[in-house]
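Working notes, beginning with the structure itself.
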Amino acid sequence: MNVEGPARSASQRLARRCHSIEDVRKLAAARLPLSIFDYIEGGGEDEASVRRNRCSFDDWSFVPRWGAVENLDLASTLLGKPVAMPLMLSPTGGTRLFHPEGELGAARAALAANVPYGLAHLSTTPMELVSAQTPGLRRWFNIEPMADKGMLQAMLDRTANAGYEALLVNVDCRAIGHRERDYRNGFTAPPSLKPRTVVEGALHPVWAWRFLRNDAIAFPNLDGTIAEGPLASTPDMWRTLLSGSYEPTDWDTLCDLRSRWSGPIVLKGCVSADDAAIAADIGIDAIQVSNHGGRQLDHMASPLDVLPEIVERVNGRVEVIVDGGIRRGSDAIKALALGATACAIGRPYLYGLAAAGQEGVAHVLRIFAEEMTRTMMLLGVSSIKELQDSGPSLVRNRHSAFARSTNASPGPRTATPKRKS
């Protein structure tokens, strides 16, 4: 059987149909039942954080420089190891709801693109299976701070034995956000059998057929702490998931975690420069500046808005990853110019997964690579290091005092180089 032929054909169809992440998003929306798509798309309460995450990129403009661009290269490093581009796939829960390939499809695409992959505590594929299927992939595992020392050590031992190099530790999930789309849709994972579910399945027969003929949705990384039956987006669900650890956690909890885990730790969900500085003080290796995609506290600061302050405050002591609202390669370039070490994406690769499984995720990563390359060429920089070294001079915020003053009256002209006689 020619496996490359169908894969190439799928890739070609995607390339013809989807020229941007927004195109992939529309294809995903067409292929998923509304309640499932809304689970990807939705945020907390009024979804102001979701909107602000996206709009914050529009506040920044490029200031390209003239000069030669030679041997343009996206290669960089992240947590001390090389990556093909400064991008990673952020952990997302319930992934097999969107396509039966689930976490394995996303992880394989990340391996092919040579970027790290974050596996969620709430993944629908065992961490060990992801490891076995993706040798050579840089795998990071996402956990919550746990007050129960026994539960914590058991999870750390399992994570290390499965070959995960780093921990992504959520600090923005003391409670689950009020995701009203999920309430209105009666969302559960796996979907509960009820009239609405039957209708949605009939309207999306390909999704329904795939869902019914594959293994039931489960959360195998929770070590039996989950109650029987489907989960809904409610506070009770969150307490169930964190049973045994749903106690107050603080910086002492993170210090204890640091003493127990020898690999890198990334603090995920930090938007406070003060917290970032404390994290650097206690030996955390990186900060993922994030508001959980706007799915937790509504009206939370957007990551891009606070990124410059955090970068200045940590002053190179930790690496800084940023996520939230990134839909274009040019968005990633803006974040890198403002001091980020790398960017993380969540919804974009889920759109790709829902649209076409592993090949859809691979297509999303190709779009980002192509857009980042084109933006750097037009901006006048040859490498990620050059971009990060000269970044602040390459972007300008439309709300800045300098921008307002230059809009009011033109500044002095730069001297024109004399022509050679």
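The chain is numbered in sequence order, starting from 1.
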Quiz prompt | 4.5 Å side-chain heavy-atom contact, L97 and F187 | solution = yes

Self-check item: Heavy-atom pair with the smallest gap, counting every atom of C343 and A335
Solution: SG-CB, 3.7 Å

Quiz item: Salt bridge check: are D46 and R51 linked by an N-O gap of less than 4.0 Å?
Solution: no

Quiz item: What pairs of residues pass the side chain to side chain donor-acceptor pair (under 3.5 Å) test when at least one of them lies in residues 70-86, not counting sequence neighbours?
Solution: none

Quiz item: Which pairs count as ring pair (Phe, Tyr, Trp, His ring centres under 6.0 Å) when at least one residue sits in residues 301-325, sequence neighbours excluded?
Solution: none

Self-check item: Carboxylate-amine/guanidinium contact D323 R347, below 4.0 Å
Solution: no

Exercise. State, yes or no, whether a side-chain contact exists between M146 and T253 at a heavy-atom distance under 4.5 Å.
Key: no

Practice problem: Could you tell me whether the side chain of R31 and the main chain of A354 form a donor-acceptor pair under 3.5 Å? | Solution: no

Self-check item: Rounded distance (nearest 0.5 Å) linking atom OG1 of T159 with atom CG of N142
Solution: 10.5 Å

Exercise. For the residue pair T92 and Y349, establish whether any side-chain heavy-atom pair is separated by less than 4.5 Å.
Key: yes

Quiz item: Can you find a pair of side-chain heavy atoms, one from Y39 and one from D182, that are under 4.5 Å apart?
Solution: yes

Exercise. Salt-bridge test for R52 and D59: reply yes if a basic N is under 4.0 Å from a carboxylate O, no otherwise.
Key: yes

Exercise. Please name all residues satisfying side chain to side chain contact (heavy atoms under 4.5 Å, CB included) with T125, sequence neighbours left out, ordered by chain then number.
Key: R96, E103, L104, L129, V130

Quiz item: Would you say the side-chain atoms of D23 pair up with the backbone N or O of H19, donor to acceptor, closer than 3.5 Å?
Solution: yes

Practice problem: Flag the pair H204 / L32 as yes when at least one side-chain heavy-atom distance between them is below 4.5 Å, and no otherwise. | Solution: no

Quiz item: Given L89 and I345, is the side chain to side chain contact (heavy atoms under 4.5 Å, CB included) satisfied, shown in steps?
Solution: CA-CA 5 Å; L89 303 191; I345 56 171; 3.8 Å; yes

Practice problem: Would you please name every residue forming a side-chain hydrogen bond (donor to acceptor under 3.5 Å, both in side chains) with N114, sequence neighbours left out? | Solution: none

Practice problem: Let me see the working for R258 and D252 under salt bridge (charged side-chain N to carboxylate O under 4.0 Å, His left out), right down to the final yes or no. | Solution: CA-CA 10 Å; R258 174 69 284 176; D252 288 340; over 6 Å; no

Quiz item: Do you see a donor-acceptor pair shorter than 3.5 Å between the side chains of T134 and R108?
Solution: no

Quiz item: Can you list the residues that meet the side-chain hydrogen bond (donor to acceptor under 3.5 Å, both in side chains) rule with E101, with sequence neighbours excluded?
Solution: none

Quiz item: For R181, what residues pass the side-chain hydrogen bond (donor to acceptor under 3.5 Å, both in side chains) criterion, not counting sequence neighbours?
Solution: D38, E47

Quiz prompt | Evaluation steps, side chain to side chain contact (heavy atoms under 4.5 Å, CB included), between R138 and V115 | solution = CA-CA 7 Å; R138 295 187 61 189; V115 296; over 6 Å; no

Practice problem: Check the side chains of S302 and N53 for a donor-acceptor pair under 3.5 angstrom, ignoring hydrogens and angles. | Solution: no

Self-check item: side chain to side chain contact (heavy atoms under 4.5 Å, CB included) between L338 and V311, intermediate numbers included
Solution: CA-CA 8 Å; L338 290 171; V311 168; over 6 Å; no

Quiz item: Say you draw a straight line from CE of M155 to CD of E144; how long is it, rounded to the nearest 0.5 Å?
Solution: 10.0 Å

Quiz prompt | From CG (L87) to CG (L74), nearest 0.5 Å | solution = 10.0 Å

Quiz item: Restricting to pairs with a member in residues 155-181, which pass ring pair (Phe, Tyr, Trp, His ring centres under 6.0 Å), not counting sequence neighbours?
Solution: F141-Y164, H178-Y183

Quiz prompt | L167/W140 under side chain to side chain contact (heavy atoms under 4.5 Å, CB included): CA gap, chis, key distance, verdict | solution = CA-CA 6 Å; L167 295 178; W140 301 358; over 6 Å; no

Exercise. Dump the intermediate steps for side chain to side chain donor-acceptor pair (under 3.5 Å) on S131 and R139, then the final yes or no.
Key: CA-CA 8 Å; S131 295; R139 295 177 297 271; 3.2 Å; yes

Practice problem: Grab the two heavy atoms, one from F219 and one from L122, that are nearest each other, plus how far apart they are. | Solution: CD2-O, 3.3 Å

Exercise. Can you run down the side chain to side chain donor-acceptor pair (under 3.5 Å) pairs that involve residues 331-346, sequence neighbours left out, and say none if there aren't any?
Key: R54-D331

Quiz item: Which atom names give the shortest non-hydrogen contact between G80 and E319, and what distance separates them?
Solution: N-OE2, 3.6 Å

Exercise. Salt-bridge test for E22 and R327: reply yes if a basic N is under 4.0 Å from a carboxylate O, no otherwise.
Key: no

Practice problem: Determine which pairs satisfy side chain to side chain donor-acceptor pair (under 3.5 Å) with at least one residue from residues 369-380, sequence neighbours left out, and list them in order. | Solution: R328-E371

Exercise. Report the residues that fulfil ring-ring contact (aromatic ring centres under 6.0 Å, His included) with F57, sequence neighbours left out, ordered by chain and then residue number.
Key: none

Quiz item: Going through the checks in order, is the side chain to side chain donor-acceptor pair (under 3.5 Å) test met by Q288 and S90?
Solution: CA-CA 10 Å; Q288 185 162 335; S90 207; 3.1 Å; yes

Self-check item: Residues R25, E41; criterion salt bridge (charged side-chain N to carboxylate O under 4.0 Å, His left out); working and verdict
Solution: CA-CA 10 Å; R25 175 187 170 277; E41 197 79 339; 2.7 Å; yes

Exercise. Heavy atoms only: give me the nearest D298-A48 pair and the separation to one decimal.
Key: OD1-N, 2.9 Å

Exercise. Return the minimal non-hydrogen interatomic distance between F368 and P348, and the atom names on each side.
Key: CE1-CB, 4.0 Å

Quiz item: Would you say the side-chain atoms of Q296 pair up with the backbone N or O of G177, donor to acceptor, closer than 3.5 Å?
Solution: yes

Do any side-chain atoms of residues 259-272 form donor-acceptor pairs under 3.5 angstrom with protein atoms, and if so which ones, sequence neighbours left out?
| residue | atom | partner | partner atom | Å |
| --- | --- | --- | --- | --- |
| S259 | OG | D256 | O | 2.6 |
| R260 | NE | D256 | OD1 | 3.2 |
| R260 | NE | D256 | OD2 | 2.7 |
| R260 | NH1 | Q153 | OE1 | 2.8 |
| W261 | NE1 | G263 | O | 3.3 |
| W261 | NE1 | P264 | O | 3.2 |
| S272 | OG | D274 | N | 3.2 |
| S272 | OG | D275 | N | 3.1 |

Quiz item: Say you draw a straight line from CG of L254 to CD1 of I278; how long is it, rounded to the nearest 0.5 Å?
Solution: 10.0 Å

Quiz item: Is the closest side-chain donor-acceptor distance between D172 and N291 under 3.5 Å?
Solution: no

Exercise. State, with a plain yes or no, whether a side-chain heavy atom of L27 is found less than 4.5 Å away from one of C18.
Key: yes

Quiz item: Would you say V381 and V69 make side-chain contact, with heavy atoms under 4.5 Å?
Solution: no

Quiz item: Does the side chain of P100 reach to within under 4.5 Å of the side chain of F211, using non-hydrogen atoms?
Solution: no

Self-check item: Shortest non-hydrogen contact between A113 and L365, atoms and distance
Solution: CB-CD1, 3.7 Å

Quiz prompt | Partners passing side-chain hydrogen bond (donor to acceptor under 3.5 Å, both in side chains) against D389 (at least two apart in sequence or in another chain) | solution = K385

